[in-house]
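See structure below.
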Amino acid sequence: MNINRRQALGLSAGAVAFAATGFSALPALASAEDADKRIADFAGGKTPETGKLTLTAPEIAENGNTVPISVTVDSAMEGDDVVEEVMILADGNPNPDVATFHFSEASGAAAATTRMRLAKTQNVIAVARMKDGTTYVDKKEVKVTIGGCGG
Amino acid sequence: MATPKPRVKLPKSASAGEVITIKTLISHTMESGQRKDSEGKVIPRQIINKFSCEFNGATVFSCDIEPAISANPYFEFSARVKESGTFKFTWVDDDGSVYEDEQTIEVK
């Protein structure tokens with residue numbers, strides 16, 4: 001890699017300025033629509049309910065390169081009460097897909113934590129699908145301060 | 001890039017039926033395919049696209065990964081252990097490489 005930290009920061013700051021001018025607003029919009037479409041595909045046409053699924057993300061992420069997020073679904077993970085999949089989406093990234101977790105009865109609990117990238121301030125969305133087909137959704141807005149100076 | 005080094009943390013022993021927490025980390029740049037080098041050429045995507053954890057041959061947890069996961073991907077999840085055995089962790093790279101780690105747990 002022949003790109004140093006200063007260049008990387010400059011590039012990302014430039015990218016944000018570019019996006020802010022509205023010139024590249026179209027791709028960002030498309031991404032939000034993509035996210036909605038993926039939720040619809042994942043839920044199989046049903047409207048996901050809220051409640052059982054909890055998405056934990058920081059309100060403000062100083063560094064958009066590693067944002068800790070975790071998902072927890074209130075489930076016994078036994079019998080019919082099993083979470084099959086949890087999909088994470090970010091509606092302001094160049095590509096809304098983040099990750100899909102596959103759970104099983106042997107998981108014992110439907111909870112997972114990871115670290116993700118956020119290109120700018122945006123919504124992080126988690127969608128869970130249970131064994132019986134019920135889907136749940138949770139959404140958090142994360143403010144990203146690129147440059148890492150806080151504030 | 002240096003060979004990715006997996007690191008896994010889980011308890012050495014547990015009681016039967018206990019739900020344990022497993023933490024995994026692997027060193028990997030997770031090149032997103034969005035960045036450009038100093039000459040303006042796009043750096044090709046190279047990420048770990050799949051992670052899975054098996055216990056005694058049965059899948060416990062797996063994850064499909066997209067470029068939006070940070071460098072050095074970290075996963076924390078849980079597993080219910082009923083008997084002693086071996087956890088096998090597998091990471092699959094875009095270039096086809098597979099990185100593996102194994103950890104044993106004793107159920108008292």
Side-chain angles (χ1 to χ4, degrees), chain A residues 1-4 6-8 10-12 14-15 27 31 35 38 61 63-73 76-78 83-119 122 124, chain B residues 1-2 14 16-26 29-43 45-83 85 87:
Chain A
M1 240 187 306
N2 56 0
I3 186 162
N4 61 30
R6 190 157 294 195
Q7 283 173 324
L11 274 176
S12 52
S31 187
R38 278 173 173 78
N63 181 359
N65 263 325
T66 102
V67 183
I69 54 152
S70 47
V71 287
T72 313
V73 188
M77 293 306 274
E78 273 174 325
V83 182
E84 285 194 325
E85 288 183 324
V86 176
M87 180 173 65
I88 313 285
L89 298 167
D91 70 3
N93 274 357
N95 182 345
D97 301 303
V98 177
T100 309
F101 301 125
H102 305 271
F103 296 99
S104 70
E105 272 194 43
S107 301
T113 300
T114 186
R115 296 175 188 147
M116 65 178 288
R117 291 178 172 138
L118 289 172
Q122 58 185 285
V124 178
Chain B
M1 188 178 66
E18 191 183 333
V19 175
I20 60 161
T21 301
I22 301 175
K23 296 174 179 176
T24 70
L25 185 75
I26 187 164
T29 52
M30 297 291 277
E31 192 56 64
S32 68
Q34 300 280 346
R35 299 198 309 153
K36 288 177 178 161
D37 63 16
S38 51
E39 286 152 25
K41 279 186 261 169
V42 173
I43 305 170
R45 173 184 136 154
Q46 193 189 359
I47 65 164
I48 287 175
N49 57 44
K50 184 120 179 104
F51 165 72
S52 66
C53 166
E54 286 178 8
F55 182 63
N56 291 347
T59 304
V60 173
F61 173 85
S62 68
C63 181
D64 302 326
I65 306 167
E66 303 289 339
I69 292 294
S70 303
N72 306 330
Y74 167 81
F75 293 104
E76 183 182 323
F77 55 94
S78 52
R80 186 187 280 138
V81 283
K82 291 175 177 157
E83 68 218 354
F87 280 102

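Every chain is numbered from 1, with letters handed out A, B, ... down the list of sequences.
For A/Arg38, the side-chain hydrogen bond (donor to acceptor under 3.5 Å, both in side chains) criterion is met by A/Asp97, not counting sequence neighbours. Take A/Glu84 and apply the side-chain hydrogen bond (donor to acceptor under 3.5 Å, both in side chains) test, not counting sequence neighbours, and it matches no residue. Residues forming a side-chain hydrogen bond (donor to acceptor under 3.5 Å, both in side chains) with B/Asp64 (at least two apart in sequence, or on another chain): A/His102, B/Lys50.
A/Val67 touches chain B through its backbone: at least one of N, CA, C or O sits under 4.5 Å from a heavy atom, while the side chain does not. Heavy-atom distances place both the backbone and the side chain of B/Ser32 under 4.5 Å from chain A. Using a 4.5 Å cut-off between heavy atoms, A/Ala109 contacts chain B through both its backbone and its side chain. Within the 4.5 angstrom heavy-atom criterion, only side-chain atoms of B/Leu25, from C-beta onward, approach chain A.
Under 3.5 Å, the side chains of B/Glu66 and A/Asn95 contain no donor-acceptor pair of N or O atoms.
The most heavy-atom pairs under 4.5 Å with chain A, out of B/Thr21, B/Val19, B/Val60, B/Asn49, come from B/Val60. With respect to chain A, the highest number of heavy-atom pairs below 4.5 Å among B/Gln34, B/Arg80, B/Lys82 belongs to B/Arg80.
The interface of residues 70-77 of chain B with chain A, defined by heavy-atom distances below 4.5 Å, comprises B/Ser70, B/Ala71, B/Tyr74, B/Phe75, B/Glu76, B/Phe77.
Side-chain contact between B/Phe87 and B/Val81 is present, with heavy atoms from C-beta onward closer than 4.5 Å. A/Phe103 places none of its side-chain heavy atoms less than 4.5 Å from the side chain of A/Val73. Looking at A/Val98 and B/Ile69, their side chains come closer than 4.5 Å, going by heavy atoms from C-beta outward. Using a 4.5 Å cut-off on side-chain heavy atoms (C-beta onward), A/Leu118 and A/Val124 make contact.
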